[in-house]
Amino acid sequence: MSLLMPALFLGHGNPMNALLRNAYSEGWAALGLSLPRPKAILSISAHWYVAGAAVTINTAPRTIHDFGGFPEELYRVQYPAPGDPVLARRIQHLLAPIAVDLSEEWGLDHGTWSVLCHLFPAADIPVVQVSIDYTRTASYHYEIGRRLAVLREEGVLILGSGNLVHNLRAYGWGKPVEPYPWAVEFEDRARQLLLASDYAPLIAYGKLGTSAALSIPTPDHYLPLLYVLGAAAPGDAISFPIEGIEGGSISMLAVRLGSDTQAGA
């Protein structure tokens, strides 16, 4: 029996979390200590949201500072994890006949490194990213996760990084804001569905009503969850190791599938 690596969806929130010591960064650090050491990490980040499927093949992917208006200290952060060209080609094979570009242009964006710098601060585990093809339906992204699920049996940590609720227009910039009722309603509904392993409504999230529409005004930060759900295995334990809603409208919920003692065939 081989160890079945857990799969994670993390709400990454503000890129300043890379530098801050708060409940979220400390939660990611604790989560990293609880995980079996992966052979490699496959990250699906909300911030590589493009037309077409691609996977990074760099041997030394660059740290991308894909934001503006933050303190200079944040632009100096580097996460020098190695890449994994063998894993990139394995992913390309698993997704065939979908045409998957082997990209040397992209690297690790902040959806990836702002959480990994706490999960695995040594940056010594190979990391590859897979793009999110914005021309495709939600069910397509779930199916990609299903095709990649076998990687969990091969010691690969599948990591989705986004936010379950992500509405920047409603965000309380620079002031304390209680979570909006619609944000709480949608997060609670999603938790219930996750605990019941009832993923179909989460894939067809457009039918979940007003709270879903307000929580997911654009799909980029939500879709990484579907990759993780697609990679679910029968009997996966499910837990929410990190919780919280920032600025009224950004859910920092973390979803963990599987445990450190779960075995795969």
Side-chain angles (χ1 to χ4, degrees), residues 4-13 24 27-28 31 34-35 42-46 49 111 115 130 132-134 136-149 152 157-168 170 178-259 262 264:
L4 185 64
M5 187 62 60
L8 302 175
F9 172 76
L10 300 182
H12 64 248
Y24 309 121
W28 296 330
L31 184 56
S34 77
L35 294 168
L42 166 57
S43 177
I44 304 97
S45 165
Y49 188 62
V115 294
V130 168
I132 300 173
D133 184 350
Y134 66 66
R136 301 285 192 159
T137 64
S139 59
Y140 165 91
H141 300 290
Y142 176 77
E143 179 59 30
I144 294 296
R146 285 174 56 84
R147 295 195 194 187
L148 298 175
R152 293 179 62 192
L157 175 66
I158 296 177
L159 168 66
S161 180
N163 295 96
L164 180 69
V165 176
H166 187 266
N167 189 326
L168 288 179
E178 289 296 312
Y180 294 106
W182 48 263
V184 174
E185 178 184 338
F186 180 69
E187 186 182 273
D188 287 349
R189 179 62 173 145
R191 286 182 192 236
Q192 293 167 12
L193 292 166
L194 289 165
L195 289 170
S197 298
D198 185 5
Y199 301 151
L202 293 169
I203 298 167
Y205 62 90
K207 299 179 181 179
L208 288 177
T210 301
S211 65
L214 289 169
S215 297
I216 313 170
T218 60
D220 47 345
H221 279 69
Y222 180 80
L223 291 175
L225 173 65
L226 300 188
Y227 287 77
V228 174
L229 298 185
D236 267 338
I238 188 162
S239 59
F240 307 108
I242 300 163
E243 303 177 335
I245 295 179
E246 286 285 286
S249 63
I250 302 291
S251 170
M252 297 297 292
L253 189 72
V255 181
R256 175 174 176 162
L257 299 178
S259 68
Q262 188 173 4

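All residue numbers refer to positions in the sequence shown, counting from 1.
Within the 4.5 Å cutoff, the side chain of V255 has no heavy atoms near those of the V228 side chain. Under the 4.5 Å side-chain criterion, counting only non-hydrogen atoms from C-beta, D220 is not in contact with I132. Side-chain atoms of S249 and W182, non-hydrogen and from C-beta on, do get closer than 4.5 Å to each other. Contact annotation: the side chain of P219 never approaches that of H141 to less than 4.5 Å [non-hydrogen atoms, C-beta and beyond]. A 4.5 Å side-chain heavy-atom check between V115 and L159 finds at least one atom pair inside the cut-off. In this structure the side chain of Y222 reaches within 4.5 angstrom of the side chain of L202, judged on heavy atoms. Residues D133 and I144 form no side-chain contact, since every pair of their non-hydrogen atoms from C-beta on lies 4.5 Å or further apart. When side chains are defined from C-beta on, I250 does not count as touching H221, because their heavy atoms never get closer than 4.5 Å.
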Problem set entry | side chain to side chain contact (heavy atoms under 4.5 Å, CB included) evaluation trace for Y227 with L42 | CA-CA 11 Å; Y227 287 77; L42 166 57; over 6 Å; no
Exercise. When you look at S43 and S45, which way does the side chain to side chain donor-acceptor pair (under 3.5 Å) test go after all the steps?
Worked result: CA-CA 6 Å; S43 177; S45 165; 5.5 Å; no
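Listed for the S161 side chain is no donor-acceptor partner under 3.5 Å among the backbone atoms of H12. Between the N163 side chain and the H166 main chain, no donor and acceptor come within less than 3.5 Å of each other. Here the side chain of S34 pairs a donor or acceptor atom with the backbone of L31 at under 3.5 angstrom. Here the side chain of D236 pairs a donor or acceptor atom with the backbone of A233 at under 3.5 angstrom. Judged by distance alone, with hydrogens and angles left aside, the side-chain atoms of R256 form no donor-acceptor pair with the main-chain N or O of L8 at under 3.5 Å.
In this pair, Y24 and W28 present their aromatic rings tilted. The plane angle is within the 30 to 60° band.
The minimum heavy-atom distance between G27 and I242, with the atom names listed, is C-CD1, 3.5 Å. Taking every heavy atom of both residues into account, G248 and A183 meet most closely at O-CB, 3.7 Å. Pairing each heavy atom of P224 with each of A46, the nearest pair is CG-N, 3.9 Å. Summarising the geometry of L257 relative to A232, their closest heavy-atom pair is CD1-CB, 3.8 Å, with the distance given to 0.1 Å. Between A149 and G230 the shortest heavy-atom distance is CB-O, 4.2 Å. Contact between L164 and A190 at its shortest, heavy atoms only, is CD2-CB, 3.8 Å.
From L225, atom CG reaches atom CG of L253 across 9.0 Å, with rounding to the nearest 0.5 Å. Summarising the geometry, atom CD belonging to E185 is positioned 9.5 Å from atom CG belonging to L214; distances are rounded to the nearest 0.5 Å. In this structure, the separation between CD1 on I203 and CG on L229 is 7.5 Å, given to the nearest 0.5 Å. How far CZ of F186 is from OG of S251: 9.0 Å, rounded to the nearest 0.5 Å. Separation of atoms CG (L226) and CZ (F9) is listed at 9.0 Å; rounding is to 0.5 Å. A distance of 8.5 Å separates OG1 of T218 from CG of N167, quoted to the nearest 0.5 Å.
Residues passing the salt bridge (charged side-chain N to carboxylate O under 4.0 Å, His left out) test with R191 are E187, E243, sequence neighbours excluded.
Other residues, nucleotides and ligands contribute over 12 non-hydrogen atoms within 6.0 Å of the CZ atom of F240.
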